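Scope of the values below: all heavy atoms of this structure, side chains included, with no hydrogens, waters or symmetry mates. Note that the structure is predicted; figures quoted are calculated from it, not measured. Chain A is the first sequence line, chain B the second, and so forth, proteins listed ahead of strands; every chain is numbered from 1.
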2 protein chains.
Amino acid sequence: MLSQAAEDYLKSIYKLQEKGGKVSTGVLAEFLNVKPASVTGMIKKLKSMKLIKYERYHGVTLTNAGKAIALEVIRHHRLLELYLFKALGMPWDGVHDEAEKLEHVISEDMEERMDAYLGYPTSDPHGSPIPDKNGVVPKTASIPMTSLQDGQSCVVAEVNDSDSALLRHLGSFNLYPGTRFRVIEVAPFEGPFTIDVAGQQAVIGREVAKHIFVDDIHDT
Amino acid sequence: MLSQAAEDYLKSIYKLQEKGGKVSTGVLAEFLNVKPASVTGMIKKLKSMKLIKYERYHGVTLTNAGKAIALEVIRHHRLLELYLFKALGMPWDGVHDEAEKLEHVISEDMEERMDAYLGYPTSDPHGSPIPDKNGVVPKTASIPMTSLQDGQSCVVAEVNDSDSALLRHLGSFNLYPGTRFRVIEVAPFEGPFTIDVAGQQAVIGREVAKHIFVDDIHDT
DNA sequence: TGTAAAATTTAGTTATGCCTAAATATTTTT
DNA sequence: AAAAATATTTAGGCATAACTAAATTTTACA
Ligand SMILES: [Mn+2]
Ligand SMILES: [Mn+2]
Ligand SMILES: [Mn+2]
Ligand SMILES: [Mn+2]
């Protein structure tokens, strides 16, 4: 059995790799909140297990075996988030931390039971896709809210799940995945977005908007 | 935060202490499946944390602080077993292993949510009492099945939870907590018990009977 | 193209929690 | 009460996974 630490490394490499190909030691260290020297150590272990490809000073990428494990952990995480949300009524800003710990210890049987209970869902409470049993990730085609223009209407597709204060903030405007809103005004010089959510006006700063991804855009 | 290993030591000391006061290094080692030398090491750590009382060569007992942690872990374990059983439909012979891992990882919030979902239960699927939030253990007054006589009728109160093959065996006779049965015959010379469970006859060996505890005994 | 800055790796340390083998204390037996 | 058997502790190691400080490699830029 792989250690929790190793699983978290693989999961993190997967996520970082999505955005930019090879993953450097420094970026991974930053992401995992450890020192670069520690990352070098774990990288060697993962390489010896053939879970990553690695050349000194040149970053890492997952092998197929490593990717399969990463996706399994991500599947656990997202199923758990949705399960805790739906079955135990946990708030959407609380499920991430709980899932972060549980993801490494649940059995395949428990995974399957949650999946069945939830009706084989394809996304978690923050809109992130849940990989299926075979590691196939449902396609999502959302764009960053920051690229929206005045007058456009759209649906929240996905939000960053790891900052619970941000999630509470979004919750206060009812900005959950599936919620439609319309851009009233984008303030100039990289300014905030004024939006309309179900008749209520809200002002969303750039920094917040960066963590929101949207879908189904219409000009109005 | 206490390590998982330390939590398991405290839980084990609590359980062994229930039966026989002071807990010796060897008994604890046997129970935890580690070597006595490892136990000595952990004992020193737990003593330095003031969670146990200890004198070299003379065994350990829990302090109040240690007992509180032990009961908290046991509460997690038993709530989890019942939750997995009721909410996810896991078989009663599967919940122990799952709970053994989850017990160290769940938050107080999750504990409370499971407790509420289950309606503040007082016993787990194997009949063991669930300590309440304040560490108060519901009183149970069951006696070992091995002390039953011919013709006595009783109700299953509690069974040993950690041997899943044994649990499957008991399940095949419908011997769950709450099930009433009647002793038809106790074979002489420490022989097996022939019992009647809801009209069906079953033969239960001594070794199995040792792990069954009963209640509400009537002579018939 | 050489040097300075930045990133990464190596070397050496720490803490946890397990192990085996040897030493020591306790308990039982004679 | 001493010797033998049993239980426990100490001593020394190993694996994991972090850290700091120093050395090395890459990259950026003058
Ligand atoms: Mn998450
Ligand atoms: Mn994790
Ligand atoms: Mn159990
Ligand atoms: Mn445990």
Going by atom type alone, with no hydrogens or angles, which donor-acceptor pairs under 3.5 Å involve a side-chain atom of residues 16-31 of chain B and a protein atom two or more places apart or on another chain?
| residue | atom | partner | partner atom | Å |
| --- | --- | --- | --- | --- |
| B:Gln17 | OE1 | B:Leu62 | N | 2.9 |
| B:Ser24 | OG | B:Val27 | N | 3.3 |

- Message: Main chain of A:Ala157, side chain of A:Asp215: is a donor-acceptor contact present, judged purely on distance under 3.5 Å?
- Response: no

- Where along residues 43-62 of chain A does a heavy atom come under 4.0 Å from DNA chain D, residue by residue in number order? A:Lys45, A:Tyr57, A:His58

- Item | Nucleic acid contacts of residues 1-12 of chain B, taken as heavy-atom distances under 4.0 Å to DNA chain D | none

- Message: OP1 or OP2 of C:dT8 versus the side-chain N and O atoms of A:Thr40: is any pair under 4.0 Å?
- Response: no

- Under the side chain to side chain donor-acceptor pair (under 3.5 Å) test, residues paired with A:Tyr9 that sit two or more places apart: none

- Item | By side chain to side chain donor-acceptor pair (under 3.5 Å) - contacts of B:Ser162 (at least two apart) | B:Asn160

- Task: Check side chain to side chain donor-acceptor pair (under 3.5 Å) between B:His211 and all other residues, then give those that pass, not counting sequence neighbours.
- Result: none

- Message: Given 3.5 Å as the limit, does a donor-acceptor pair link the side chain of A:Ser142 with the main chain of A:Val214, or not?
- Response: no

- Message: Quick check on contacts: within residues 21-33 of chain B, what sits under 4.0 Å from DNA chain C by heavy-atom distance?
- Response: none

- Query: Around atom NZ of A:Lys50, are there more than 12 heavy atoms of other residues, nucleotides or ligands at under 6.0 Å?
  - Reply: no

- Message: Listing request: all ring-ring contact (aromatic ring centres under 6.0 Å, His included) pairs with a residue in residues 42-80 of chain A, at least two apart in sequence or in separate chains.
- Response: A:His77-A:His96

- Item | Residue list, side chain to side chain donor-acceptor pair (under 3.5 Å) with A:Arg75, at least two apart or on another chain | A:Glu111, A:Asp115

Distance-only donor-acceptor pairs under 3.5 Å for side chains of residues 118-139 of chain B, two or more places apart:
| residue | atom | partner | partner atom | Å |
| --- | --- | --- | --- | --- |
| B:Asp124 | OD1 | B:His126 | N | 2.7 |
| B:Asp124 | OD1 | B:Gly127 | N | 3.1 |
| B:Asp124 | OD1 | B:Ser128 | N | 3.0 |
| B:His126 | ND1 | B:Glu81 | OE1 | 3.0 |
| B:His126 | NE2 | B:Trp92 | O | 2.8 |
| B:Ser128 | OG | B:Glu158 | OE2 | 2.9 |
| B:Asp132 | OD1 | B:Asn134 | N | 2.7 |
| B:Asp132 | OD1 | B:Gly135 | N | 3.0 |
| B:Asp132 | OD1 | B:Val136 | N | 3.0 |

- Item | Segment of DNA chain D, first to last nucleotide, that comes within the 4.0 Å heavy-atom reach of chain B | D:dT8 to D:dT10

- Message: Under the salt bridge (charged side-chain N to carboxylate O under 4.0 Å, His left out) definition, can you give me all pairs with a residue in residues 160-172 of chain A, not counting sequence neighbours?
- Response: A:Asp93-A:Arg168

- Message: Within the supplied structure, the quantity of interest is the number of heavy atoms (other residues, nucleotides, ligands) at a distance under 6.0 Å from A:Glu108 CD; does it exceed 12?
- Response: yes

